[in-house]
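Below: one structure, written as structure tokens.
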Amino acid sequence: NMIDIDCADDVQFPRQDNDFLLMFLRPAKFDVNRALAMMKSYVKFRCINADLFVHDDLETIHRLVRAGISGMLKERDRLGRRVLLFRVAPWKLSEFSIDEVQQASAWILNALVCEPTSQVEGLVVLEDFAKLSWSQIWQCSLKNTERGLEMCRGSVFPARYKGYHVVREPMSFSFLFKLVKPFLTEKMAQRIHIHGTNMNSLHKFISPEVLSPSFGGSGEEMDPEELITLLTNLTDEAKKLET
């Protein structure tokens with residue numbers, strides 16, 4: 001094995017095969033100590049937040065994808081990275097709780113980290129905060145905020161987050177951002193870019209050729225059914241992490 005599992009203290013890893021180890025070595029650029037730390041963080045996060053990984057009823061997550069809350073661009077960016085989408089406007093509190101939104105995020109991330117290309121090239125997150133309401137903000141409990149930040153830090157899921165882009169944020173977003181900013185790592189803070197309605201600013205980071213028209217581009221977003229099929233197939237790999 002490429003990593004000395006025996007030095008992992010009290011953490012019990014579900015697998016010790018090379019494919020599992022490579023999932024952490026690739027995003028850690030084969031730094032063994034970083035990879036081991038990431039593995040330990042991942043397993044501990046799953047234990048503490050077991051409710052995020054109970055996907056017996058995937059239909060709710062599928063409905064959330066079909067509603068357009070979570071999505072993904074059809075093409076990778078020029079650096080080979082998946083571009084994940086999150087939209088606030090379609091999120092109706094009467095249909096989806098904040099816990100269900102986070103379960104969908106965990107399901108998507110847990111699937112994508114099984115892609116070798118994503119392990120190497122990383123992921124980009126594009127968030128559209130148009131129509132963010134105070135009711136949605138008040139849904140974010142301390143627990144939800146903490147684990148949402150953990151999922152985005154890159155130390156929990158074996159993924160390299162290369163950029164977070166926020167567009168069409170209302171005034172209320174500044175309140176939310178002030179709450180979470182003290183908890184951001186320096187690297188994470190440097191990778192957050194707030195563009196407002198200036199899509200030309202966004203295009204400096206993500207080519208308009210891959211962005212959909214709603215972001216001033218000429219590309220496409222992955223059809224929800226196509227995305228669900230892709231993620232379901234990848235989930236078969238992700239389930240091996242649990243055995």
Side-chain angles (χ1 to χ4, degrees), residues 1-55 61 70 72-73 76-77 79-86 102-127 146-165 183-192 227 230-243:
N1 284 344
M2 292 166 281
I3 298 179
D4 184 5
I5 298 295
D6 294 332
C7 69
D9 302 326
D10 58 343
V11 179
Q12 297 296 313
F13 295 111
R15 293 167 57 190
Q16 298 184 18
D17 58 277
N18 284 350
D19 285 342
F20 178 74
L21 300 181
L22 280 168
M23 280 182 54
F24 298 88
L25 282 164
R26 286 183 180 124
K29 297 182 179 180
F30 287 85
D31 182 316
V32 173
N33 291 328
R34 281 180 57 201
L36 181 58
M38 191 183 298
M39 289 170 65
K40 292 167 66 175
S41 295
Y42 174 80
V43 173
K44 287 181 178 179
F45 180 81
R46 286 179 62 96
C47 291
I48 295 171
N49 300 281
D51 59 302
L52 284 181
F53 298 90
V54 178
H55 298 147
I61 296 176
S70 294
M72 190 162 67
L73 294 182
R76 296 175 184 267
D77 72 3
L79 297 176
R81 304 174 297 198
R82 293 282 194 192
V83 180
L84 303 180
L85 305 177
F86 176 77
Q102 288 194 324
Q103 280 183 337
S105 296
W107 182 64
I108 291 170
L109 288 172
N110 212 40
L112 288 179
V113 296
C114 292
E115 285 190 312
T117 302
S118 294
Q119 294 164 13
V120 175
E121 305 298 346
L123 304 170
V124 174
V125 180
L126 174 52
E127 300 181 308
E146 286 180 339
R147 67 186 185 180
L149 285 171
E150 282 194 84
M151 284 194 287
C152 292
R153 280 195 186 111
S155 59
V156 172
F157 284 93
R160 298 173 64 200
Y161 293 98
K162 306 305 290 185
Y164 305 87
H165 299 274
F183 303 99
L184 303 177
T185 63
E186 183 179 355
K187 180 182 287 187
M188 187 176 178
Q190 291 173 346
R191 291 181 174 173
I192 295 176
L227 177 58
L230 169 68
L231 295 173
T232 300
N233 291 338
L234 288 171
T235 299
D236 290 338
E237 287 298 311
K239 282 181 178 178
K240 294 178 184 177
L241 303 179
E242 303 168 16
T243 58

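Along the sequence shown, the residues carry numbers beginning at 1. Worth saying up front: this structure is predicted, and the values here are computed from it rather than measured. These numbers come from the heavy atoms of this one structure, side chains and all, not from hydrogens, waters or symmetry mates.
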Q) Looking at residues at least two apart in the chain, or sitting in another chain, which of them share a side chain to side chain donor-acceptor pair (under 3.5 Å) with S70? A) none
Q: Could you tell me whether the side chain of L84 reaches within less than 4.5 Å of the side chain of L109, counting heavy atoms only?
A: yes
Q) Looking at side-chain heavy atoms only, is the closest gap between F157 and L123 below 4.5 Å? A) no
Q. Using the ring of each side chain (for Trp, its six-membered ring), is F24 parallel, tilted or perpendicular to F20, with breaks at 30° and 60°?
A. perpendicular
Q: Could I get the full list of ring-ring contact (aromatic ring centres under 6.0 Å, His included) partners for F45, not counting sequence neighbours?
A: none
Q.
According to side chain to side chain contact (heavy atoms under 4.5 Å, CB included), who are the partners of L149, at least two apart in sequence or on a separate chain?
A. T145, R153, V180, F183, L184, M188
**Q.** By salt bridge (charged side-chain N to carboxylate O under 4.0 Å, His left out) - contacts of E115 (at least two apart)
**A.** R76, R82
Q | L230 side chain near M72 side chain, heavy-atom distance below 4.5 Å | A | yes
Q.
Within the structure provided, determine whether L21 and M39 are in side-chain contact (heavy-atom separation under 4.5 Å).
A. yes
**Q.** Partner residues of F86 under the ring-ring contact (aromatic ring centres under 6.0 Å, His included) criterion, sequence neighbours left out
**A.** none
Q. In terms of side-chain geometry, is the basic nitrogen of D51 or R46 positioned less than 4.0 Å from the acidic oxygen of its partner?
A. no
(Q) Can you list everything that forms a side chain to side chain contact (heavy atoms under 4.5 Å, CB included) with R160? Sequence neighbours excluded, please. (A) P27, K29, K162
Q) Backbone N or O of S118 within a donor-acceptor pair of the R81 side chain at under 3.5 Å? A) no
